[in-house]
Amino acid sequence: IVEKLQAPLTWAEELGVTLLIEPHGVVTDDVGTMGDLLDALGHEDFVGVCLDTGNAWLGGSEPLDFVKTFGARIGHVHWKDLPAEWEDRRGTMYGCGMSPIALGDGVIDLPPIVAALAEIGFDGATTLEIAGADNVRKSVERLTAWERS
């Protein structure tokens, strides 16, 4: 991974952009191995984390630990919640596309993640990876309420 990212890292520095690595596999779904990867890559000003709450949880980690560990290196958040019937897949599946439920209807404890991001001053972009118009509406309402509390 480190070798394959050397050319993109060079380009990122030349262009003044940041590459964000998302939890989406055995290396990146674990806070420790994600940290090892980031350390091996160096280039701290040009490499960060795209926190995906669903992927991190599904891979076996706690998404809140990503915020606590990587803090200001989080440059984007993909918001997902996953239904209880996915618990038996946890730690065996690495990443999923869209969540089939609204934020707050599943097993991921999202309000503490919202609070921790606010505490570190996160003001980056976020994306709802939620399927269905009603689920998106509910998710926006809940995120807004969690941000205000």
Side-chain angles (χ1 to χ4, degrees), residues 1-5 8-9 12 17-44 46-149:
I1 296 170
V2 172
E3 180 182 327
K4 295 293 183 186
L5 287 177
L9 279 170
V17 299
T18 304
L19 300 178
L20 299 177
I21 300 175
E22 178 179 352
H24 220 299
V26 293
V27 172
T28 56
D29 281 0
D30 178 81
V31 171
T33 53
M34 174 71 95
D36 292 343
L37 175 60
L38 293 172
D39 289 345
L41 288 169
H43 303 271
E44 191 169 321
F46 299 98
V47 181
V49 175
C50 173
L51 172 60
D52 186 306
T53 59
N55 289 358
W57 180 89
L58 189 58
S61 292
E62 292 300 329
L64 182 58
D65 291 342
F66 277 78
V67 180
K68 291 177 179 178
T69 303
F70 302 116
R73 291 190 77 176
I74 296 174
H76 191 98
V77 178
H78 291 172
W79 293 105
K80 287 185 196 132
D81 202 348
L82 295 172
E85 59 263 22
W86 284 51
E87 288 180 303
D88 64 340
R89 299 178 198 174
R90 190 167 189 205
T92 65
M93 190 173 165
Y94 303 103
C96 60
M98 304 294 275
S99 173
I101 61 172
L103 298 179
D105 286 349
V107 295
I108 302 172
D109 192 11
L110 295 166
I113 299 167
V114 172
L117 286 167
E119 187 174 307
I120 63 165
F122 176 80
D123 66 351
T126 67
T127 303
L128 289 172
E129 293 191 337
I130 308 291
D134 287 338
N135 288 334
V136 169
R137 275 190 280 283
K138 286 179 195 172
S139 296
V140 169
E141 290 169 5
R142 291 173 181 166
L143 264 179
T144 301
W146 296 332
E147 288 174 345
R148 290 180 181 156
S149 58

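Just so you know, these numbers use all the heavy atoms, side chains as well, and skip hydrogens, waters and symmetry mates.
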[X] side chain vs [Y] backbone, donor-acceptor pair below 3.5 Å:
X    : Y    : value
R89  : L58  : no
S99  : D81  : yes
T144 : V140 : yes
N55  : P23  : yes
N135 : A131 : yes
K80  : P100 : no

When you compare the side chain of [Y] with that of [X], does any pair of heavy atoms fall below 4.5 Å?
X   : Y    : answer
P83 : D105 : no
H78 : L51  : no
C50 : V77  : no
I21 : M34  : yes
R73 : L38  : yes
W86 : V107 : no
V47 : T18  : no

Quick one: closest heavy-atom pair of [X] and [Y], and the distance?
X    : Y    : answer
F66  : A56  : CE1-CB, 3.7 Å
I108 : P63  : CG2-CG, 4.1 Å
I130 : W79  : CD1-O, 3.8 Å
R142 : A102 : NH1-CB, 3.8 Å
E22  : D52  : OE2-OD2, 2.8 Å
V26  : T33  : O-OG1, 3.8 Å

About how many Å separate [atom2] of [Y] and [atom1] of [X], when rounded to the nearest 0.5 Å?
X    : Y    : atom1 : atom2 : answer
D29  : R90  : CG    : CZ    : 10.5 Å
L128 : S139 : CG    : OG    : 5.5 Å
E62  : D109 : CD    : CG    : 8.5 Å
K4   : L9   : NZ    : CG    : 14.0 Å
F46  : L41  : CZ    : CG    : 13.5 Å
T53  : L64  : OG1   : CG    : 11.5 Å

Self-check item: Any donor-acceptor N or O pair under 3.5 Å, side chains T127, H76
Solution: yes

Let me have the donor-acceptor pairs involving side chains of residues 110-119, under 3.5 Å, with sequence neighbours excluded, atom names and distances please.
none

Quiz item: With a cut-off of 6.0 Å (strictly less than), are more than 12 heavy atoms of other residues, nucleotides or ligands near CD of E3?
Solution: no

Quiz prompt | Over 12 non-hydrogen atoms of neighbours within 6.0 angstrom of CG in D123 | solution = no

Quiz prompt | Passing option when T69 is tested against V31, I74, V49 for side-chain contact (heavy atoms from CB on, under 4.5 Å) | solution =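 Checked V31, I74, V49 against T69; only one passes side-chain contact (heavy atoms from CB on, under 4.5 Å): V31.
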
